[in-house]
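Naming convention: chains lettered A, B, ... in sequence-line order (proteins, then strands); numbering from 1 in each chain.
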2 protein chains.
Amino acid sequence: MGYQETSYKDKKVISIGVVSELTGLSERQIRYYEERGLIFPERSDRGNRKYSFSDVESLMEIANKIEDGVQTFEIRQEIKRGNKKEDQRSIRKKMLKGQLNAQFGIQQNE
Amino acid sequence: MGYQETSYKDKKVISIGVVSELTGLSERQIRYYEERGLIFPERSDRGNRKYSFSDVESLMEIANKIEDGVQTFEIRQEIKRGNKKEDQRSIRKKMLKGQLNAQFGIQQNE
DNA sequence: CGTGTAAGGAATTCTGACACG
DNA sequence: CGTGTAAGGAATTCTGACACG
């Protein structure tokens with residue numbers, strides 16, 4: 001029992017409407033990120049998108065990056081490289097951080 | 001990281017259509033088991049049912065019991081008692097099993 | 001580039017009911 | 001009792017496109 005804990009996280013069962021609620025993103029944004037190759041939902045028999053909890057988490061990370069001004073193609077690169085801890089994004093983000101905090105005190109995940 | 005592994009299992013995010021696919025049960029059956037107090041999906045803003053992976057598992061167990069001839073009110077009892085390993089149902093089931101198999105393996109209302 | 005929106009259609013879900021048994 | 005189904009409506013999702021910037 002419990003050997004499948006992880007499978008729940010990766011099972012594609014959530015509709016786009018619920019993903020929208022969970023992430024706070026619009027359906028338009030979610031579909032767009034798929035179009036740009038950032039997430040890969042499955043499809044039901046009739047073509048409806050189905051997402052996993054992993055996808056939901058990825059989307060939240062993607063949303064953060066977009067806010068930081070990272071473009072979708074860059075994010076796609078990171079994904080292909082295996083999303084290293086210290087990649088371009090993180091570096092650029094850190095450089096931005098000082099400015100942002102100084103100007104409006106925006107909070108970033110470090 | 002990982003402290004939320006369990007929450008995935010109980011988060012209500014799956015639509016009835018997907019639950020139907022996952023369990024092999026008809027939507028009619030799934031709604032009926034709710035009506036009988038065996039499962040408790042949440043509702044989206046507009047009233048659509050949302051289930052968790054736990055619900056999906058419960059449904060599969062319920063389906064097995066129904067096949068064994070257990071009635072919904074009995075299953076509800078078990079749920080209220082905390083679903084002990086060796087409850088009345090299991091015991092009766094074992095007693096019935098021999099007869100049923102011997103005769104035809106038919107499912108009965110006791 | 002990233003995202004909003006109106007557009008029209010197809011599929012989903014909901015409830016209450018009749019049916020069989 | 002448990003489950004199928006037809007019924008009508010309301011909400012969901014899909015795609016391709018125009019718009020702004």
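An OP1 or OP2 oxygen of dT13(C) is reached within less than 4.0 angstrom by no side-chain nitrogen or oxygen of Arg49(B). The side chain of Ser15(B) contributes no N or O atom lying less than 4.0 Å from OP1 or OP2 of dT12(D).
Taking a pair to require two hydrogen-bonding distances under 3.5 Å in either a Watson-Crick or a G-U wobble arrangement, dG16(D) remains unpaired. Using N1 to N3 plus N6-O4 or O6-N4 for Watson-Crick, or N1-O2 and O6-N3 for G-U wobble, each under 3.5 Å, dA6(D) pairs with nothing.
Using a 4.0 Å heavy-atom criterion, one finds that Arg28(B) contacts the bases of the nucleic acid, with or without backbone contacts as well. If you check every strand for non-hydrogen atoms under 4.0 Å, Thr72(A) touches sugar and phosphate atoms only.
Rounded to whole angstrom, the span from the CD atom of Glu21(A) across to the P atom of dA11(D) amounts to 15 Å. Taking atom CD of Glu34(A) as the reference point, atom C1' of dG16(D) lies 15 Å away to the nearest angstrom. Rounded to an integer number of Å, the gap from Leu25(B) CG to dG4(D) C1' is 14 Å. Rounded to whole Å, the distance from CD1 on Ile30(A) to P on dG2(C) is 16 Å. The separation between Glu35(B) atom CD and dG16(C) atom P is 10 Å, rounded to whole Å. If you take CZ of Arg46(A) and C1' of dT12(D), they are 13 Å apart, rounded to a whole angstrom. Rounded to whole Å, the distance from CZ on Arg31(B) to P on dT5(D) is 13 Å. Between Arg43(B) atom CZ and dT13(C) atom C1' the separation is 10 Å, expressed in whole Å.
In terms of heavy atoms, Tyr51(B) sits closest to Pro41(B) at CE2-CB, 3.4 Å.
When the nearest nucleotides of DNA chain D are assigned to Arg36(B) and Ser44(B) by heavy-atom distance, the more 5′-ward of the two goes with Arg36(B).
Under a 3.5 Å cut-off, the side chain of Asp55(B) and the backbone N or O of Ser52(B) do form a donor-acceptor pair.
With distances taken from any side-chain atom of Glu27(A) to the nucleotides dT15(D), dT13(D), dG4(C), the minimum falls on dT13(D). Each of dT5(C), dT13(D), dG4(D) was ranked by its minimum atom distance to the side chain of Ser26(B); first place goes to dG4(D). Listed candidates were dC14(C), dT3(C), dT3(D). Nearest to the side chain of Tyr33(B) is dT3(D). The listed nucleotides are dG2(D), dT12(C), dT13(C); the one nearest the side chain of Asn48(A) is dT12(C). When each of dC14(C), dC18(C), dT3(C) is scored by its nearest atom to the side-chain atoms of Tyr32(A), the top-ranked nucleotide is dT3(C). Listed nucleotides dT3(D), dT15(D), dT15(C) differ in distance to Ile66(B); the shortest reach to its side chain belongs to dT3(D).
In this structure, CD in Glu78(B) is found 9.5 Å from CG in Leu38(B), a value given to the nearest 0.5 Å.
Checked for salt-bridge contact, Arg46(A) and Glu21(B) meet the test: a charged N lies under 4.0 Å from a carboxylate O. Between Glu57(B) and Lys9(B) a salt bridge is recorded (basic side-chain N to carboxylate O distance below 4.0 Å).
At a threshold of 4.5 Å between non-hydrogen side-chain atoms, the residues Ile66(A) and Tyr33(A) count as touching.
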